[in-house]
Protein chains: 2
Amino acid sequence: MQNALILHIKKFISLEPSDIDKLESCLELSKIKKKEQILKEGQICNTMYFITKGCIRQYIINSKGVEQTLQFGIENWWITDYLSYHNDVASSFYLQAVENSEVIAIDKTILESLLIEIPNLEMYFRIVMQKSFGAMQMRIKFLFTMSAEERYHHFNDHFPEFVQRVPQYMLASYLDFSAEFMSKIRAGKV
Amino acid sequence: MQNALILHIKKFISLEPSDIDKLESCLELSKIKKKEQILKEGQICNTMYFITKGCIRQYIINSKGVEQTLQFGIENWWITDYLSYHNDVASSFYLQAVENSEVIAIDKTILESLLIEIPNLEMYFRIVMQKSFGAMQMRIKFLFTMSAEERYHHFNDHFPEFVQRVPQYMLASYLDFSAEFMSKIRAGKV
DNA sequence: GGAATTTCTTGAAGTAGTTCAAGTTTTTAA
DNA sequence: TTAAAAACTTGAACTACTTCAAGAAATTCC
């Protein structure tokens with residue numbers, strides 16, 4: 001079976017066989033155990049992660065010492081701290097495996113030279129980023145216009161299988177309300 | 001003086017003189033009067049706008065009939081509904097000039113052929129999108145971890161000149177609190 | 001398979017915000 | 001230059017959530 005990343009790229013652009021060889025020679029699959037962190041606050045993030053299996057979350061620890069999940073990534077998503085990656089500054093985030101996961105980690109330097117060798121790849125990343133940004137615009141819309149209960153039901157309706165995969169308290173903080181309140185929503189006690 | 005977009009592009013990539021000619025021949029400057037809408041909810045957005053002067057906001061009208069500003073764009077920013085643009089679906093948003101503004105509007109079809117003629121441009125857009133996405137990740141962080149008052153002061157400290165440019169009620173909704181509450185924050189009555 | 005850990009639930013009390021309504025100030029435009 | 005419209009302010013009442021604390025249930029792992 002072909003590499004999941006190559007398959008994903010081919011959904012958006014065409015690749016010469018020689019490009020595929022070049023690309024594959026640069027990819028390194030790595031396994032990440034549940035709860036393992038692949039990025040910590042304060043580190044400079046110089047890696048992009050393509051998730052081939054499992055789930056990675058981006059979170060912070062807020063001023064009260066409580067974890068706050070800001071983003072989930074699952075199969076066929078890229079995840080990184082884009083600001084730290086781009087500007088070589090200390091990251092504000094943690095990246096951690098929610099389940100035992102597998103990722104393709106590409107180092108910034110390697111990716112940059114790959115993008116020069118395979119110019120077509122630029123289009124792939126441009127499209128992926130535009131789609132991600134579009135999704136983020138919608139997320140802001142939902143956060144701004146829906147009540148906590150509406151956000152929960154909306155998410156539950158659209159991603160029912162995903163809701164099963166992550167602890168409720170992580171999902172609650174991703175949807176920007178407390179774990180206790182989520183419990184009450186689920187019990188119909190609001 | 002050279003086109004503001006060309007100058008912006010040159011900050012990120014190099015362009016051959018012939019590319020500049022090609023590019024410039026495709027650009028169309030357009031003026032947008034204050035309050036004029038360049039996109040309405042329900043329309044398919046097939047244009048990207050590069051703001052050369054003024055300020056454009058993205059907003060929605062919520063279920064109570066109240067406008068909610070989700071994003072501002074100023075000079076040297078791109079603005080569009082990326083989801084609608086990418087998937088050719090009806091937009092959920094309005095785009096409207098906050099001040100008399102000037103934009104360079106590029107139609108999707110024209111941009112796509114430009115990207116093929118000038119492959120280097122892909123890199124420009126990829127980088128711009130990555131930076132935008134990074135900024136959005138930080139915005140989510142601020143929304144999730146700061147109180148209304150903290151968000152106001154943080155924004156005020158980082159973008160004092162911008163705060164002067166937009167009506168307070170728009171800024172309040174961008175920071176996700178009510179105009180009345182903003183008034184009280186400013187008066188120190190919280 | 002049982003202890004330890006992690007996750008989820010529940011109710012009571014508290015609070016950071018909203019909503020409403022009315023008045024004031026500022027800006028726009030003819 | 002003035003009338004109309006837009007933007008801002010204020011206080012009082014309200015509410016959608018949070019916080020805390022404690023117990024119950026589920027999961028993990030020697």
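Letters A, B, ... are given to chains in the order of the sequence lines, protein chains preceding strands, and every chain is numbered from 1. Note that the structure is a prediction, hence the values are computed from the model and not measured.
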Q: Using whole Å, report how far NZ of A:Lys35 lies from P of C:dT5.
A: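 Between P of C:dT5 and NZ of A:Lys35: 12 Å.
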Q: Please confirm whether the shortest side-chain N or O distance from A:Gln168 to OP1 or OP2 of C:dT6 is below 4.0 Å.
A: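 Answer is no, no contact under 4.0 Å.
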Q: Could you tell me whether B:Glu122 and A:Arg126 have a side-chain N and a carboxylate O separated by less than 4.0 Å?
A: yes
Q: Given atom NZ of A:Lys34 and atom C1' of D:dT27, what is their separation to the nearest angstrom?
A: 8 Å
Q: Would the number of heavy atoms belonging to other residues, nucleotides or ligands and lying under 6.0 Å from CD of B:Glu28 be above 12?
A: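 No, CD of B:Glu28 has 12 or fewer neighbouring heavy atoms, counting only those of other groups under 6.0 Å.
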Q: Please state how far atom CD in A:Glu180 lies from atom P in C:dG14, giving the value in whole angstrom units.
A: 17 Å
Q: In whole angstrom, give the distance that lies between atom CG of B:Leu171 and atom C1' of D:dC8.
A: 13 Å
Q: Round to a whole Å and report the spacing from CD of A:Glu67 to P of C:dT6.
A: 11 Å
Q: Side-chain donor or acceptor of B:Lys184 under 3.5 Å from a matching atom on the base of C:dG17?
A: no
Q: Please report the distance, rounded to the nearest Å, between CE in B:Met182 and C1' in C:dT18.
A: 16 Å
Q: Quick one: which of D:dC17, D:dA7, C:dT10 gets closest to the side chain of A:Ser183?
A: C:dT10
Q: Look only at the side chain of B:Ser101 and the backbone of B:Ala97, and say whether a donor-acceptor pair between them is shorter than 3.5 Å.
A: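 Between the backbone of B:Ala97 and the side chain of B:Ser101 there is no qualifying donor-acceptor contact (under 3.5 Å).
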Q: Without decimals, in angstroms, what is the distance between B:Glu99 CD and C:dT28 C1'?
A: 16 Å
Q: Please determine, for the side chain of A:Phe181, which listed nucleotide (C:dT9, D:dT10, D:dT18) has the closest atom?
A: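 From the listed options, D:dT18 comes nearest.
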Q: For the side chain of B:Ser178, starting at C-beta, report the closest nucleotide among C:dT10, C:dT19, C:dG17.
A: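 The answer is C:dT19.
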Q: Starting from P on D:dT10, measure out to CD1 on B:Ile185 and report it in whole angstrom.
A: 13 Å
Q: Checking B:Arg165 against B:Phe162: charged group under 6.0 Å from the ring centre and within 45 degrees of the axis?
A: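 Not satisfied by the 6.0 Å and 45° rule.
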Q: Once you measure the plane-to-plane angle for A:Phe133 and B:Tyr82, does it fall in the parallel (<30°), tilted (30-60°) or perpendicular (>60°) bin?
A: perpendicular
Q: Considering only side-chain heavy atoms of B:Ala187, which listed nucleotide, D:dT10, D:dT18, C:dT18, is closest?
A: D:dT10
